[in-house]
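Let me begin by presenting the structure, written as structure tokens, before commenting on it.
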Amino acid sequence: MLNGRVALITGATQGIGLATARALADEGCNLILCGRDRKRLAAAEAELCNKGIRAVAISCDVRDEKSVAAMFAKLQKSFPRIDILINSAGIANAFRSVAQLDTGEWNDVLATNLTGTFLITRAALPLMSRGGSIVNVLSMSSKRAFPNLAAYNASKFGALGFTNTLREEVRSEGIRVVAVLPGATDTPIWGTLWPEAPRHKMMRSESVAQAIVAALKLPPESTVEELDLMPTGGPL
Ligand SMILES: NC(=O)c1ccc[n+]([C@@H]2O[C@H](COP(=O)([O-])OP(=O)(O)OC[C@H]3O[C@@H](n4cnc5c(N)ncnc54)[C@H](OP(=O)(O)O)[C@@H]3O)[C@@H](O)[C@H]2O)c1
């Protein structure tokens with residue numbers, strides 16, 4: 001069902017994005033991998049090409065409109081259409097109260113998690129058509145507020161609002177929009193968020209990827225609009 005489809009994945013160099021890229025490659029999807037770290041991009045491209053699909057890694061900073069435009073100019077040479085967009089690029093702010101949060105960190109988190117999702121989605125839409133799917137990797141922090149996470153919470157609440165609005169706009173075009181709201185998942189993001197967090201209580205990024213693929217494999221007349229995923233033991 002996903003075999004031969006083309007998926008663009010942001011945040012594909014590690015964590016949930018890379019796990020999703022691997023899962024989609026196993027389904028036979030061709031991949032465009034986006035991230036900033038060129039070494040990790042090259043490693044992901046080499047690994048995924050070995051699975052017998054086409055994988056192209058393109059360096060792009062989702063915060064930067066020019067960088068996003070350059071990526072789309074480049075990718076259209078190899079992939080004139082996109083069937084699946086996975087917005088997984090994201091960062092967290094370090095645990096800090098609003099009183100302690102500096103403007104640079106606030107701006108960076110909002111620019112990546114909220115504006116980045118908007119910039120990539122706006123650029124991808126002209127390449128998508130009926131039957132396409134957009135999956136935005138949000139967070140349980142899109143609905144629940146946590147002290148010391150104001151920038152992250154604001155970006156994820158905003159991204160859920162963006163996602164819900166987008167869904168209503170593209171519904172009539174036959175494009176599905178899925179909001180994925182994971183709880184704690186064992187990825188490098190916790191190095192910023194809470195380095196001593198109990199990783200054994202978290203989900204694996206492969207589990208989140210499996211849920212995303214299951215949503216994408218639903219028959220075309222049906223959709224998952226919101227996917228809330230949680231470690232079986234509950235929040236940390
Ligand atoms: N892990 C969790 O517990 C958890 C829970 C709920 C939601 N989430 C969400 O899941 C998504 C993925 O997070 P993760 O846990 O997989 O984190 P991660 O392992 O740190 O991966 C983040 C990815 O985002 C990319 N990225 C960051 N800033 C970017 C930018 N400006 N431009 C392009 N790419 C950028 C990184 O690549 P480069 O460094 O190469 O740019 C990396 O591939 C995020 O949106 C996060 O908020 C995570």
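Below, each value reflects all heavy atoms present in this structure, side chains not excepted, and no hydrogens, waters or symmetry copies. Model, not experiment: these values are computed from the prediction. Positions are given from 1 along the sequence. We count ligands from 1, going down the list as the structure has it; atoms in each ligand are counted the same way.
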- Could you please spell out the steps behind the side chain to side chain contact (heavy atoms under 4.5 Å, CB included) verdict for V56 and L75? CA-CA 8 Å; V56 175; L75 74 83; over 6 Å; no
- Message: Looking at E27 and R5, is there a salt bridge between them, counting it only when a charged N and a carboxylate O are closer than 4.0 Å?
- Response: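 Here R5 does not pair with E27 in a salt bridge, since their nearest N and O are not under 4.0 Å apart.
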Mind listing the N or O contacts between ligand 1 and protein, cut-off under 3.5 Å?
from, atom 1, to, atom 2, distance (Å)
ligand 1, 1 (N), T185, O, 3.0
ligand 1, 1 (N), T187, OG1, 3.1
ligand 1, 3 (O), T185, N, 2.7
ligand 1, 3 (O), T185, O, 3.2
ligand 1, 3 (O), W190, NE1, 2.9
ligand 1, 15 (O), T187, OG1, 2.5
ligand 1, 16 (O), I16, N, 2.8
ligand 1, 19 (O), Q14, NE2, 3.3
ligand 1, 20 (O), Q14, NE2, 3.0
ligand 1, 24 (O), G90, N, 3.4
ligand 1, 28 (N), R36, NH2, 3.2
ligand 1, 31 (N), D61, OD1, 2.9
ligand 1, 32 (N), V62, N, 3.0
ligand 1, 37 (O), T13, OG1, 2.9
ligand 1, 39 (O), R36, NH2, 3.3
ligand 1, 39 (O), R40, NH2, 3.3
ligand 1, 40 (O), T13, OG1, 3.0
ligand 1, 40 (O), R36, N, 3.1
ligand 1, 40 (O), D37, N, 2.9
ligand 1, 41 (O), R36, N, 2.9
ligand 1, 41 (O), R36, NE, 2.6
ligand 1, 41 (O), R36, NH2, 3.3
ligand 1, 43 (O), G11, O, 3.1
ligand 1, 43 (O), T13, N, 3.3
ligand 1, 43 (O), T13, OG1, 2.7
ligand 1, 45 (O), S88, O, 3.4
ligand 1, 45 (O), K156, NZ, 2.9
ligand 1, 47 (O), Y152, OH, 2.5
ligand 1, 47 (O), K156, NZ, 3.0

Does any N or O in the side chain of [X] come within less than 3.5 Å of the main-chain N or O of [Y], such that one atom is a donor and the other an acceptor?
X: R130; Y: S172; result: yes
X: N93; Y: Y152; result: yes
X: D102; Y: G104; result: yes

- Query: Taking atom CG of L181 and atom OG of S139, what is their separation to the nearest 0.5 Å?
  - Reply: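 So the CG of L181 and the OG of S139 are separated by 6.5 Å.
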